[in-house]
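Side chains included, hydrogens not; waters and symmetry mates left out as well; all remaining heavy atoms used. Every number for a ligand or one of its atoms is a count from 1 in the order of the listing. Note that this is a predicted model, so its numbers are computed, not measured.
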Amino acid sequence: MLELSPKLDTNSSIPLYVQIYEYIKNEILLNRLAPGTKLPSIRALSSYLVLSKNTINTAYQQLLSEGYIKSNGTAGLFVEDINNSFLMADSELSNKNYTSSTSKISKKIQYDFSNGQIDLDNFPYNSFKSILTQCINISNKEILSYGDHQGDYSLLNKISQYLHQSRGLICSPEQIILGSGTQQSLSLLSLILKKYYSSIAFEDPGYIGARAVFEHHNFKIEPIPLEDDGISIKSLYESNTRVVYVTPSHQFPAGMVMPISKRLKLLQWAEEVDGLIIEDDYDGEFRYKGKPIPALQGLDSNNRVIYLGTLSKSLMPSIRISYLILPQKLLNLYKNHLFIYEQPVPRLIQKTLEIFMEKGYWDKHIRRCRVLYKKKHETLIHAIKEILSDNVKIIGEESGLHILLQVKSQFTESELIKKALDNGVKVSPTSIYWLNKTHTTMDLPVIFIGFAGIKTDLIYDGIKKLRDAWF
Ligand SMILES: Cc1ncc(COP(=O)(O)O)c(C=O)c1O
């Protein structure tokens with residue numbers, strides 16, 4: 001019999017069936033369980049792991065419903081032949097086979113609507129390159145030494161001005177700590193928070209990349225359902241948690257924009273419970289409908305909001321720059337306890353970015369991106385309405401660089417993704433973002449469609465290919 005040896009934590013708040021499900025799913029995604037491998041029977045695994053049959057059965061049912069395994073009648077359960085590279089990218093997993101399997105697949109992908117892409121043609125290569133070369137210069141020796149722990153002041157100054165003008169933030173450069181990406185910033189924040197808080201309320205569905213960081217810092221995650229206008233404040237009160245992570249400008253992944261009335265209620269919640277709000281404003285620059293709504297941080301007068309931003313969408317993911325903006329009390333804690341940590345962003349890159357901003361290239365780039373992404377967004381919505389019409393429902397189309405498609409189909413999410421891929425179209429799953437499956441009111445599969453990376457004139461054809469694949 002195939003041996004499965006998950007490390008199960010009976011003291012964890014995560015149910016055992018979820019731990020088993022996660023373990024087997026990862027083994028499949030990492031190719032350690034090859035397609036066609038027969039899984040142990042429910043009875044055999046329950047006796048091997050000394051767990052109830054019900055626990056094993058529930059884990060298997062979840063894997064079956066998500067298409068990771070299939071049943072061959074009385075012959076038993078077998079690992080499905082899923083093309084795992086597309087799932088892997090979204091599950092934020094990595095393994096040694098990743099590069100080779102991705103490159104094999106990418107040859108087949110003609111239309112890339114997957115998560116995490118940006119427009120690669122629009123990037124101002126020449127101006128960025130010339131500033132970069134200008135910065136690495138003998139007259140600029142300081143960039144070879146250690147810099148300020150929080151980041152170079154002149155860059156932080158530029159960032160605070162930009163955030164004030166474009167996102168309505170009220171912060172001084174002293175409050176900003178530069179980081180090398182959202183997860184690194186959240187990890188630093190977790191080191192500050194975990195002395196005082198043990199749990200974090202989390203949008204459900206929510207950004208798995210943030211959730212993983214909190215889990216790795218041993219926070220208990222309290223999944224809070226969403227309403228049409230964002231996180232449920234009622235459930236937040238009921239959770240008895242005092243810290244919440246939210247994406248108000250463009251909920252990830254469901255896409256709603258939190259209206260000002262709810263933002264004020266959220267701030268009131270934080271005040272009443274003596275709590276904190278972690279505001280992840282990951283793509284707040286791109287809004288297509290209605291008036292811009294200021295970030296929560298700018299509406300807060302009680303030092304309740306921790307603001308987090310990234311350059312991954314607005315400039316490029318590979319620059320690995322994020323910024324954490326702390327209210328005064330947390331800033332003091334950071335300075336007292338964590339000042340030992342050096343600044344992770346290279347000074348050469350910091351200086352380049354500073355000059356890029358100073359010379360107006362940054363503003364110009366953001367303006368161009370807004371126009372470009374608006375055009376792609378319009379083309380996409382138009383193509384979906386015309387080509388997929390009533391077969392799908394569009395979710396979250398007001399802002400950001402992705403939408404969701406609820407697909408009226410008898411196929412599962414992974415089947416839809418595989419069928420799309422077989423037709424040369426890469427799309428991403430959403431089921432990985434839900435913690436509590438009862439929080440989804442969506443009984444049909446929901447597919448993630450990113451539109452930033454694909455060329456505008458490929459969008460129509462890509463959607464036609466999806467129609468051919470799915471209907
Ligand atoms: C909610 C959310 N926050 C942040 C990010 C970006 O993270 P990073 O700064 O690590 O690129 C993403 C990327 O998709 C995201 O979805």
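Residues F123 and F128 bring their aromatic ring centres within 6.0 Å. A distance below 6.0 Å separates the ring centres of F252 and Y282.
Contacts of Y373 classified as ring pair (Phe, Tyr, Trp, His ring centres under 6.0 Å), with partners at least two apart in sequence or in another chain: F286.
A salt bridge links E378 to K374: at least one charged side-chain nitrogen sits closer than 4.0 Å to a carboxylate oxygen.
Side-chain contact check for S185 and S322: at least one donor-acceptor pair (N or O, by modelled atom type) lies under 3.5 Å.
For the pair K419 and F411, the cation-pi test (distance below 6.0 Å, angle within 45°) is passed.
Ordered by chain and residue number, the residues placing a heavy atom less than 4.0 Å from ligand 1 are G181, T182, Y207, Y245, T247, F252, D280, Y282, T310, S312, K313, R320.
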